[in-house]
Structures are given as structure tokens and as C-alpha cells.
Amino acid sequence: MSTTFTVDFFCSVDGYGSAAGWPGYWGKEGPELIEDRVRTFAQDQVLVFGATTFREFRKFVAEYDEPYYQSLNDLPKIVFSRTLDPGAPGWQNTTVLNEDAVTAIERLKRTTDVPMRSHGSISLNRTLLAAGLVDRLEVMMFPAITGRAGYAALFQDGAEFDLDLIESTVLDGRTVKLVYEPHVHPEIPEGVGPQPGKAG
């Protein structure tokens with residue numbers, strides 16, 4: 001028995017997951033993007049969160065009305081936290097785990113066949129990527145460069161990866177969804193890349 005773990009990351013073209021002063025979706029949501037989210041969260045899966053993103057989404061689903069938020073409420077959720085009350089995490093269908101995330105996800109991947117997905121959760125997913133536990137990396141790249149306003153960059157200061165492209169889609173004619181299979185980057189073998197020219 002085994003399952004897949006997907007990291008789902010929204011970002012600007014310059015790689016930031018959020019930006020001060022910019023609205024949700026960088027103000028560039030469209031019907032195809034929303035339909036993609038509806039399809040994504042209609043699937044049978046377990047949602048995995050770090051504590052910060054969990055608190056943000058717990059608030060979002062109570063205050064806003066996106067068509068996929070009911071699926072977020074209904075799906076089973078895991079949150080890694082040492083501070084949330086396991087008996088009252090504040091969001092239905094949630095299990096609080098106070099343990100090392102790498103150890104827990106390694107165990108869960110071996111013992112369940114229900115796919116797992118984590119959206120956002122920068123610190124958690126940077127750690128899981130570096131540990132080689134992420135099977136699919138879905139990057140939703142919005143047509144914006146946020147520059148100095150940007151923050152929450154998943155890949156900055158993290159491990160290095162080679163990526164196999166599985167799927168690419170343009171949504172609403174402007175937002176690019178890229179689905180990769182990530183592999184931790186090994187040492188560069190000899191004979192790849194530009195080679196020195198022969199002396200004349």
C-alpha cells in the first residue's frame with residue numbers, strides 16, 4: 001500500500017507565493033482557474049497543512065465564498081502543529097499531529113492509498129521536498145511580477161531539483177499551470193552543459 005503526495009503552489013512569475021498589497025489570485029482569477037480548483041478539490045484526498053496556512057484557510061472558508069470551499073470543509077485534513085488544540089482545532093474533519101512531519105509523511109505514504117495534497121505551507125513543503133517525499137509539484141503561475149512586495153517563496157534557499165514536466169495548461173489565456181515530477185538534484189555529471197572549445 002502506498003500513495004502520492006502533491007505540493008500545490010500558487011506564485012507570481014518571480015516565484016513569490018504572496019505579495020503585500022495584492023489581492024487573492026493577484027487579482028487575476030478567471031472561470032477556468034476557478035473550475036480547475038473545483039476539480040482539484042473534488043477528488044478523494046487528504047489535505048495536509050502547516051499551522052500557519054491551516055489558520056489562514058480556516059479563516060478564509062468562514063469569511064469568503066469560493067465554489068470549492070465546501071470541498072475544503074468536507075475533506076479530511078492533517079495539520080502539523082504544537083500549539084493547536086487536537087480536541088478543538090477549529091475546522092471540521094481535522095487531525096492535529098504534534099510530530100516530525102518527515103517521519104509522519106513517510107509513514108502515511110506507506111500505510112494509506114488515499115492521495116495527499118498540500119497547498120501553500122511554505123516551511124512544511126520546503127522540508128518535504130528536500131526529503132524527497134513529494135511525488136508531484138503543481139505550480140500555478142499568475143501573470144504578475146511582485147518584486148519588492150513579494151514574499152513566501154517556496155523554492156528560495158531550499159534544495160535543488162530536476163523537474164520532469166508531466167502537464168502544462170494555460171487557464172483563462174494568462175495563468176500557467178505546470179505539473180512536475182521533482183527529483184532532488186544530484187552532483188552534475190561530467191560532459192553535460194557547454195563544453196570548453198578546442199584550442200585553435
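With a 4.5 Å cut-off on side-chain heavy atoms, L33 and F142 count as touching. Within the 4.5 Å cutoff, side-chain heavy atoms of V79 are placed close to those of L84. Side-chain contact between L129 and P182: present, with at least one pair of heavy atoms (C-beta onward) separated by less than 4.5 Å. Looking at F41 and L47, their side chains come closer than 4.5 Å, going by heavy atoms from C-beta outward. The shortest distance between side-chain heavy atoms of V46 and F5 does not fall below 4.5 Å. Side-chain contact between Y69 and Y64 is present, with heavy atoms from C-beta onward closer than 4.5 Å. Using a 4.5 Å heavy-atom threshold, the side chains of C11 and Y16 count as separate. For the pair R117 and T40, the minimum side-chain heavy-atom distance is below 4.5 Å.
Between the side chains of T112 and R107, not a single donor N or O lies within less than 3.5 Å of an accepting N or O.
Side chain of D172 to backbone of E32: a donor-acceptor contact under 3.5 angstrom is found. Listed for the R174 side chain is a donor-acceptor partner under 3.5 Å among the backbone atoms of E29. A side-chain donor-acceptor contact under 3.5 Å links Q195 to the backbone of G193. R126 contributes a side-chain N or O that, together with a main-chain N or O of A153, makes up a donor-acceptor pair within less than 3.5 Å. The closest donor-acceptor contact from the side chain of K77 to the backbone of N73 lies under 3.5 Å.
Residues F9 and F57 fall into different hydrophobic clusters, defined by Ile, Leu, Val, Met, Phe, Trp and Tyr side chains chained together at heavy-atom separations under 4.5 Å. Hydrophobic clustering of Ile, Leu, Val, Met, Phe, Trp and Tyr side chains at less than 4.5 Å, counting indirect connections, keeps L108 apart from V96. Hydrophobic cluster membership is shared by W91 and F60, with clusters built from Ile, Leu, Val, Met, Phe, Trp and Tyr side chains linked at under 4.5 angstrom. One hydrophobic cluster, built from ILVMFWY side chains closer than 4.5 Å, cannot hold both V48 and V61; they sit in different ones.
Under the 4.0 Å criterion applied to side-chain N and carboxylate O atoms, D135 and K109 are assigned as salt-bridge partners. A salt bridge is absent between E56 and R58; no separation between the charged side-chain nitrogens and carboxylate oxygens falls under 4.0 Å. A salt bridge is defined here as a Lys NZ or Arg NE, NH1 or NH2 lying under 4.0 Å from an Asp or Glu carboxylate O, and R37 with D8 meets this definition.
Under a 4.5 Å side-chain heavy-atom criterion applied to ILVMFWY residues, the cluster that includes I166 comprises V179 as well.
Between Y151 atom OH and T146 atom OG1 the span is 10.0 Å, to the nearest 0.5 Å. Taking OG of S81 as the reference point, atom CZ of F49 lies at 13.0 Å (rounded to 0.5 Å). For the atom pair CE (M141) and CG (L171), the distance works out to 13.0 Å, reported to the nearest 0.5 Å. Once rounded to the nearest 0.5 Å, the distance linking CG of L72 with CG of N93 reads 11.5 Å. Atom OG1 of residue T103 and atom CG of residue L97 lie 11.5 Å apart, to the nearest 0.5 angstrom. Once rounded to the nearest 0.5 Å, the distance linking CE of M116 with CD of Q45 reads 11.0 Å.
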Could you list the donor-acceptor pairs under 3.5 angstrom formed between side-chain atoms of residues 154-163 and any protein atom two or more places apart in sequence or on another chain?
| from | atom 1 | to | atom 2 | distance (Å) |
| --- | --- | --- | --- | --- |
| D162 | OD1 | H185 | ND1 | 3.1 |
| D162 | OD2 | H185 | ND1 | 2.8 |

CA sep, side-chain torsions, deciding dist, call: D113, T3, side-chain hydrogen bond (donor to acceptor under 3.5 Å, both in side chains): CA-CA 5 Å; D113 55 6; T3 192; over 6 Å; no
Side chain to side chain contact (heavy atoms under 4.5 Å, CB included) between V7 and E138, worked out: CA-CA 6 Å; V7 164; E138 297 186 4; over 6 Å; no
Side chain to side chain contact (heavy atoms under 4.5 Å, CB included) between H183 and D164, intermediate numbers included: CA-CA 8 Å; H183 307 279; D164 292 334; 2.9 Å; yes
Step-by-step side chain to side chain contact (heavy atoms under 4.5 Å, CB included) determination, T175 to Y25: CA-CA 10 Å; T175 299; Y25 309 111; over 6 Å; no
Check against side chain to side chain contact (heavy atoms under 4.5 Å, CB included), M140 and V176: CA-CA 6 Å; M140 192 78 77; V176 180; over 6 Å; no
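S118 pairs in a side chain to side chain donor-acceptor pair (under 3.5 Å) with only one of the listed residues (T6, N125, T53), which is N125.
For CG of D65, the number of neighbouring non-hydrogen atoms (other residues, nucleotides, ligands) closer than 6.0 Å is 12 at most.
Proximity of the aromatic rings of F10 and H119 is defined here by a centroid distance below 6.0 angstrom, and this criterion is met.
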